[in-house]
Amino acid sequence: MNLIMTVITITIVLSTVLAIVSFWLPQMTPDHEKLSPYECGFDPLGSARLPFSLRFFLVAILFLLFDLEIALLLPLPWGDQLPSPLITFIWASAVLALLTLGLIYEWIQGGLEWAE
């Protein structure tokens, strides 16, 4: 019980110190750019209907899809310790094969070419 109380105390003290330091550390010199609702440089009074590149959108979706692959394959080392690791290997191979086929399809269709 003493170890748990020590860990909780250290956690509370550390988080309190970090919260206090985070208020003192930043420079408090706001300017017109920082006080505007759009820090990214867009004109807040302009039109919201700007043209958007469909190729950029497709590449972003492909990035998210292949980034999701990492989340699906992350438990693979723990699945290797199952009574039948062959099933884990089959499922991981199926996910990788499906993603590889999708990548080949996108490559053939020209979805990965940025410039025409």
Side-chain angles (χ1 to χ4, degrees):
M1 191 67 169
N2 194 13
L3 179 65
I4 294 174
M5 289 304 293
T6 304
V7 169
I8 290 174
T9 305
I10 289 173
T11 303
I12 290 173
V13 168
L14 185 62
S15 58
T16 305
V17 167
L18 288 176
I20 291 171
V21 167
S22 71
F23 283 112
W24 287 338
L25 198 58
Q27 298 176 358
M28 300 303 260
T29 53
D31 57 352
H32 179 68
E33 301 275 330
K34 288 289 183 183
L35 292 177
S36 72
Y38 298 99
E39 282 189 41
C40 56
F42 289 123
D43 183 19
L45 303 176
S47 173
R49 307 252 183 234
L50 297 174
F52 187 72
S53 172
L54 186 61
R55 289 199 182 268
F56 177 77
F57 177 74
L58 288 175
V59 169
I61 292 295
L62 282 173
F63 172 76
L64 287 175
L65 215 124
F66 284 99
D67 197 36
L68 182 65
E69 164 200 359
I70 295 171
L72 290 174
L73 294 177
L74 192 62
L76 190 60
W78 290 280
D80 194 28
Q81 299 171 1
L82 292 175
S84 177
L86 184 62
I87 296 173
T88 306
F89 177 73
I90 290 171
W91 278 108
S93 298
V95 168
L96 287 175
L98 186 64
L99 286 171
T100 304
L101 289 173
L103 179 65
I104 291 170
Y105 175 76
E106 285 294 325
W107 195 332
I108 290 172
Q109 293 296 320
L112 299 177
E113 295 176 13
W114 189 257
E116 294 178 10

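Atom set for the values below is all heavy atoms of this structure, side chains included, hydrogens, waters and symmetry mates excluded. Given the structure is predicted, the values throughout are model-derived calculations rather than measurements.
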Drop me the distance from Leu68's CG to Leu73's CG, to the nearest 0.5 angstrom.
-> 9.5 Å
Nearest-0.5 Å distance that lies between atom CG in Leu86 and atom CD1 in Ile90 = 4.0 Å
Reported CG-to-CG distance for the pair Leu99 and Leu62, which is rounded to 0.5 angstrom | 10.5 Å
Heavy-atom neighbours of Ile87 CD1 exceed 12 at 6.0 Å | no
Exercise: identify the closest heavy-atom pair between Leu103 and Phe66 = CB-CZ, 3.6 Å
Any residue meeting side-chain contact (heavy atoms from CB on, under 4.5 Å) with Leu14, in chain and number order, not counting sequence neighbours | Leu18
With respect to Ile8, which candidate in Thr11, Thr6, Ile12, Ile10 satisfies the side-chain contact (heavy atoms from CB on, under 4.5 Å) definition?
-> Ile12
What about Tyr105 and Leu65, same hydrophobic cluster or not, with Ile/Leu/Val/Met/Phe/Trp/Tyr joined at side-chain heavy-atom distances under 4.5 Å?
-> no
Can you sort out the partners of Ser93 under side-chain contact (heavy atoms from CB on, under 4.5 Å), two or more places apart, ordered by chain and number?
-> Phe89
Report the distance from atom OG1 of Thr9 to atom CD1 of Ile4, rounding to the nearest 0.5 Å.
-> 11.5 Å
Sequence neighbours left out, what passes side-chain contact (heavy atoms from CB on, under 4.5 Å) with Ile61? Give chain and number order.
-> Phe57
